[in-house]
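Residue numbers start from 1 in every chain, and the chains themselves are labelled A, B, ... in the order their sequence lines are given, proteins ahead of strands.
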There are 2 protein chains.
Amino acid sequence: MPASPDLLFRALADPTRRTLFERLCLDGEQTVGGLTSGAGISQPAVSKHLAVLKQAGLVLDRHEGRQTHYRAQQRALAPLVDWTGRMAPFWEARFDDLEDLLKRMDQ
Amino acid sequence: MPASPDLLFRALADPTRRTLFERLCLDGEQTVGGLTSGAGISQPAVSKHLAVLKQAGLVLDRHEGRQTHYRAQQRALAPLVDWTGRMAPFWEARFDDLEDLLKRMDQ
DNA sequence: CACATCCATAACTCAATGGTTATGAGAATT
DNA sequence: AATTCTCATAACCATTGAGTTATGGATGTG
């Protein structure tokens, strides 16, 4: 059950939140503490942002002892790609086999 | 000069504004009056939303007599597509020749 | 057991924003 | 010239939301 474009756009609209997601995408899994350092905001603020991203399906969390590890779920961007394809028809052809791609990724 | 992903995400985060953009994408050019009918909000609200979309480069306006016609500028979505490609590397290949595509569209 | 650490939630504050009504500028109509 | 129509802007209001500090639960550590 993919998240709605609305949830995705809202989750990614905030620059701080987008930066967190980018860090998870580019640098891989991180703990809350790791993400807080360098974020320029307090740990509770980071936790709240992560909750929003999780709600949108953009991140997954994994509890290990007293720390929580978050990682990006890039597949959650699919509705965004799809929406873009619908709005800009000249790009649509490129996404034709998106379904296939996602299916192949499931293994 | 393409708009920043930040401007785009913020502009598209609001559902009403996204609906306006979708109407322009799918049904083509519209006047403010046309867009207001069926939007469920007042004309000034529509005008403000259009101003935000215009600021983000997502729409263009054309004055004709006393009415203003707006149309979607789908190319403005390019930074979004690009950003998605950077965050989800397994999609990147599809956007490799985005530059070429946009160049070809310029004629 | 006592204590420290990691994280999430609660309670609050303040700024941003999406909506409204009122108004005015500019263009068509009579 | 007076009026009507279309749209944008101003002024205002209510809500949302991103940040803060305080706190507590759960898990390690001495």
Side-chain angles (χ1 to χ4, degrees), chain A residues 3-24 27-73 76 80, chain B residues 3-24 27-73:
Chain A
S4 67
D6 187 66
L7 260 179
L8 291 177
F9 274 116
R10 280 225 313 273
L12 295 171
D14 181 76
T16 303
R17 203 153 48 222
R18 209 166 48 248
T19 298
L20 287 173
F21 180 68
E22 289 172 359
R23 283 182 63 181
L24 290 175
D27 307 341
E29 190 175 86
Q30 308 267 341
T31 68
V32 174
L35 288 168
T36 299
S37 74
I41 53 177
S42 66
Q43 171 267 312
V46 171
S47 279
K48 284 206 292 184
H49 280 307
L50 290 170
V52 174
L53 290 171
K54 180 180 171 185
Q55 174 72 18
L58 287 165
V59 300
L60 300 175
D61 57 348
R62 176 174 67 84
H63 297 276
E64 182 178 317
R66 55 184 165 185
Q67 33 199 6
T68 310
H69 298 259
Y70 283 86
R71 66 179 182 283
Q73 174 75 306
L80 262 195
Chain B
S4 69
D6 188 66
L7 260 180
L8 292 177
F9 274 116
R10 279 226 313 273
L12 294 172
D14 181 76
T16 303
R17 204 152 46 220
R18 207 167 48 248
T19 299
L20 286 173
F21 180 68
E22 289 172 359
R23 283 181 64 181
L24 290 175
D27 307 342
E29 189 174 86
Q30 308 266 341
T31 68
V32 175
L35 289 168
T36 299
S37 75
I41 53 177
S42 66
Q43 171 266 312
V46 171
S47 279
K48 284 205 291 185
H49 281 307
L50 290 170
V52 173
L53 289 171
K54 180 180 171 183
Q55 173 72 18
L58 287 165
V59 300
L60 300 175
D61 58 349
R62 175 174 68 84
H63 298 276
E64 182 179 317
R66 54 185 167 187
Q67 34 199 7
T68 311
H69 298 259
Y70 283 86
R71 66 180 183 281
Q73 175 74 307

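Atom NZ in Lys54(B) sits roughly 12 Å away from atom C1' in dC7(D) (whole-Å rounding). Spacing between atom NZ of Lys48(B) and atom C1' of dT20(C) amounts to 8 Å, rounded to whole angstrom units. If you measure from atom CG of Leu53(A) to atom C1' of dA8(C), you get 15 Å, rounded to the nearest angstrom. For Leu50(B) and dG19(C), the CG to P distance is 12 Å, given to the nearest whole Å. Counting to the nearest Å, the C1' atom of dA25(C) and the CD atom of Gln67(B) are 16 Å from each other. What separates CD of Glu64(B) from P of dC5(D) is a distance of 19 Å, to the nearest Å. The distance between atom NE2 of His49(B) and atom P of dA8(D), rounded to the nearest whole Å, is 13 Å. Rounded to a whole Å, the CD atom of Gln55(A) is 15 Å from the P atom of dA8(C).
Side chain of Arg10(B) to backbone of Ala13(A): no donor-acceptor contact under 3.5 angstrom is found.
Residue contacts shown for Gln43(B) include a base, since a base heavy atom lies under 4.0 Å away.
Between Ile41(A) atom CD1 and Thr19(A) atom OG1 the span is 9.5 Å, to the nearest 0.5 Å. Leu7(A) CG to Leu80(A) CG: the interatomic distance, rounded to the nearest 0.5 Å, is 11.0 Å.
The shortest heavy-atom contact between Asp6(B) and Pro15(A) is OD1-CB, 3.7 Å. When all heavy atoms of Val32(B) and Ser47(B) are compared, the pair lying nearest together is CG1-OG, 4.0 Å. Taking both residues in full, the closest heavy atoms of Val46(A) and Ala39(A) are given as CG2-CB, 4.2 Å, listed atom of the first, atom of the second, then distance.
Each of Thr36(A), Leu35(A), Thr68(A) was compared with Gln30(A) under the side-chain contact (heavy atoms from CB on, under 4.5 Å) criterion, and only Leu35(A) meets it.
Between Tyr70(B) and dA8(D), a side-chain N or O to OP1/OP2 separation shorter than 4.0 Å is present. Residue Thr68(A) places none of its side-chain N or O atoms closer than 4.0 Å to OP1 or OP2 of dC6(C).
In the region residues 3-20 of chain A, proximity to DNA chain C at under 4.0 angstrom, judged on heavy atoms, holds for none of the residues. Using a 4.0 Å cutoff on non-hydrogen atoms, the parts of residues 29-42 of chain B near DNA chain D are Thr31(B), Val32(B), Gly33(B), ordered by number.
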* To do: Would you check, one step at a time, whether the test side chain to side chain contact (heavy atoms under 4.5 Å, CB included) holds for Arg71(B) with Leu24(B)?
  => CA-CA 6 Å; Arg71(B) 66 180 183 281; Leu24(B) 290 175; 5.6 Å; no
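A donor-acceptor contact under 3.5 Å is formed by the side chain of Arg66(B) with the base of dC5(D).
Taking only side-chain atoms of Pro44(B), from C-beta outward, the nucleotide of dT21(D), dC7(D), dA22(C) with the closest atom is dA22(C).
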I'd like a table of donor-acceptor pairs (distance under 3.5 Å, sequence neighbours excluded) in which one partner is a side-chain atom from residues 49-61 of chain A, with atom names and distances.
| from | atom 1 | to | atom 2 | distance (Å) |
| --- | --- | --- | --- | --- |
| His49(A) | ND1 | Arg17(A) | NH1 | 3.3 |
| Lys54(A) | NZ | Asp61(A) | OD2 | 2.9 |

